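Worth saying up front: this structure is predicted, and the values here are computed from it rather than measured. All values below come from the heavy atoms of this structure, side chains included, with hydrogens, waters and symmetry mates left out.
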Amino acid sequence: MSRPAGREARRLTRWWRRRSLRTRLTAIAATAIAVSVFVAFQVASELLDWELRDTTENQLRADSRVLATNAQRAGLAQVQLPPYPGSGRLVRVILPDGSTRTPAGQPALPPVSEHAGRVAQGASADLMESNDSEEGYLIYTLRAGDGAVQVARVADDSPINRFGFGMLLIGLFCVAGGALVGRTVARTGLAPIDRLTAAAVRVAHTRDLDADIPDEGGGEIRRLIQSINDMLAALRNSRRAQQLLAEDAAHELKTPLTSLRLNVELLIRLDRRGTLDSALPAESRTRLLNDLGAQVAELSTLSAELTDLARGDVSDENTELLDLADVVVAAATRARSRVPDIEVALEVTSVWVSGRPAALQRAVLNLIDNAGKWSPADQPVQVRLRAEGASAVLEVDDAGPGIDAADVPRVFDRFYRADSARALPGSGLGLSIVQRVVDAHGGRATVARSARGGALLRVDLPAAAPPDPIARLTAGEDTAVR
C-alpha cells in the first residue's frame, strides 16, 4: 500500500471512530442488509436465468423434433414450414447443398454457423448454441434426413430485468427499514448506557459520591454499572479516609503547636521587656528550651508519621531476601541512640523473610519506642525473634501497666491513644504504621498481656528459605543492648 493510500485509510478509520456508537450500529445494520440483498439478488438472478434458459432449450428441442419428424416424412425440400406468428420461435431448414428454407415473412436468422453445418452434414446429431448478434438468438440444430432443421428464439432478458428492478425496490425498502430498525435497536440497547453516562456526568459535576447509579439492564450493562458503583464506593472510602486523616492530623497538631507557640511568645515578650535574664533563671530557661526542643521533635516525628501514613504505600523500595535479625538489631540500635535511657534486651535468632528493609526497620523501631514509653526505668524492653513453623515471630514486651481490655481492639487504629497515654509523648500513629507494614508483607500483628504484666506486641511474618550457602555472622544474636 502506498503512503497516500495508507494515510487515506487511517483518516477514514479516525473518521469512523469519531462517529457515535448509535450511528455506527445503524450504518452496520443497513450495510449488512444491503449486502444480504445484493447477494440474494445475484443468486436469485443466476437461478432464474438458468431456469428460463433450461425451459427455452427444452422447448426448442421439442419443436425441433416435431419439425424433423415432418421433414423426414415429406422431405426437407417439400416439408411445410409453419407460418411465422409474428413473435416467438423461428424455424429454418438446412438442405443437403447448404441452402436454407424459412417461412414467408419470418425475420432472417443469422447465417448458418460452421458447427451447425457439420450437424447438417452428419458430423453430429444436434447442437445448442447462442448467437452473439444484437438480437441474441438461442438456436437449436437437429439432424434430419440429409440435412438439418433449426428452431431459434430471441434471448429475452425482460423477466430478469423486471425481477432485478423488483429486487432493487425491495432492497431499498429493506435497507431503509434496516437502518430504521438498527437505529431503534441501538437507541433501545444503548438507553442504559445513556442513563449511565448522565449519572456519571452528574457525579462529576456535583462531586456527590454518595448517590449510586441504579442497577438496571442485564449482562454486560449490569456488570458495568456494578463496577462503576464499586469505584464510587472506593472513592467514597478514600475521601472519608482523607477527611479523617485531615481532621485527626489537625487535632493532633493542635496541642504541640499551642504549647510551642505559648513558650515562644513568652520568650519573645520577656526579651522585648529586657527581663529575660531576671524573669527566667538559668535553670528555668534551660528547662524551657528543653521543652521547646522536645515539642519541635514531637512535631517532626508527627509530621514524618503523617507523611508516611498519607503516602498510601509502604515505600518505593524493592522487596529483597533479608535476615530479619539484622533488621531487629539495627532498629534496637536506632532506638538506643534516639532515647539513651531506653534499655533493650535482644534475644534473636536468624530468620529469613522477603520484605522491604527500611519499612520493616521502621515497624520494629515503632514497637520498641512504644514499649519504651511504658517500661519502668529499671526494666528493659524485651525483643525476641524466632522461627515458628513457616513464620518469623517477633515479640516486643514491656513491664508497664499493660493495655486495658477495652483498648485492645483499637490499639492499631490511627491516632488512637488510651486515656492513660494522653500525658505521654506520641501521636498515636506508631502502631498504625506497624499494622500497615505488617499487612503489606502478608503478616499479622496482635496484642496481648506479657508475663511481666505489661503489653506483649507480636508480629508474625511469612518466613522465606535462606540463601544457599548461608554466610552469616552470628554477632549480635542472642545478645543484649545495654
Should [X] and [Y] count as side-chain neighbours, where that means a heavy-atom distance under 4.5 Å?
X	Y	value
Gln59	Arg153	yes
Thr141	Ile139	yes
Leu394	Leu367	yes
Val154	Tyr137	yes
Leu322	Leu360	yes

Which atom pairs, donor and acceptor, lie under 3.5 Å between side-chain atoms of residues 64-74 and protein residues at least two apart or in another chain?
from: Ser64; atom 1: OG; to: Leu60; atom 2: O; distance (Å): 2.8
from: Thr69; atom 1: OG1; to: Arg65; atom 2: O; distance (Å): 2.8
from: Asn70; atom 1: ND2; to: Val66; atom 2: O; distance (Å): 3.3

Check whether more than 12 heavy atoms from other residues, nucleotides or ligands sit under 6.0 Å from atom [atom1] of [X], and answer yes or no.
X	atom1	result
Asp126	CG	yes
Arg61	CZ	yes
Glu388	CD	yes

Test item: [X] side-chain N/O and [Y] main-chain N/O as donor-acceptor pair under 3.5 Å:
X	Y	value
Gln106	Val91	yes
Arg101	Leu76	yes
Asp323	Val351	yes
Asp54	Trp50	no
Arg143	Gly145	yes
His441	Pro462	no
Ser99	Ile94	no

Considering non-hydrogen atoms only, spot the tightest contact between [X] and [Y] and give its length.
X	Y	result
Val396	Ala371	CG1-CB, 3.9 Å
Leu321	Pro467	CD2-CD, 3.8 Å
Pro103	Pro83	CB-CA, 4.4 Å
Val437	Ala359	CG1-O, 3.6 Å
Ala335	Asp369	CB-OD1, 4.1 Å
Val353	Ala392	CG1-CB, 3.8 Å

Would you please say whether a donor-acceptor pair under 3.5 Å links the side chains of Ser391 and Asp460?
no
Does a salt bridge link Arg384 with Glu347, judged by any charged N lying under 4.0 Å from a carboxylate O?
no
Derivation and outcome, side-chain contact (heavy atoms from CB on, under 4.5 Å), residues Val119 and Leu142:
CA-CA 7 Å; Val119 172; Leu142 178 64; over 6 Å; no
What distance separates [X] [atom1] from [Y] [atom2], expressed to the nearest 0.5 Å?
X	Y	atom1	atom2	value
Thr446	Arg458	OG1	CZ	6.0 Å
Glu51	Thr56	CD	OG1	10.0 Å
Asn366	Gln361	CG	CD	11.0 Å
Leu109	Arg92	CG	CZ	4.5 Å
Leu90	Asp63	CG	CG	11.5 Å
Arg236	Asn229	CZ	CG	7.5 Å

Under the criterion side chain to side chain contact (heavy atoms under 4.5 Å, CB included), which of Leu457, Val459, Val383, Leu456 is the partner of Glu395?
Leu456
Residues in side chain to side chain donor-acceptor pair (under 3.5 Å) with Asp439, at least two apart?
Gln435
Carefully, step by step, assess Leu138 and Met128 under the rule side-chain contact (heavy atoms from CB on, under 4.5 Å).
CA-CA 7 Å; Leu138 184 62; Met128 183 71 70; 4.1 Å; yes
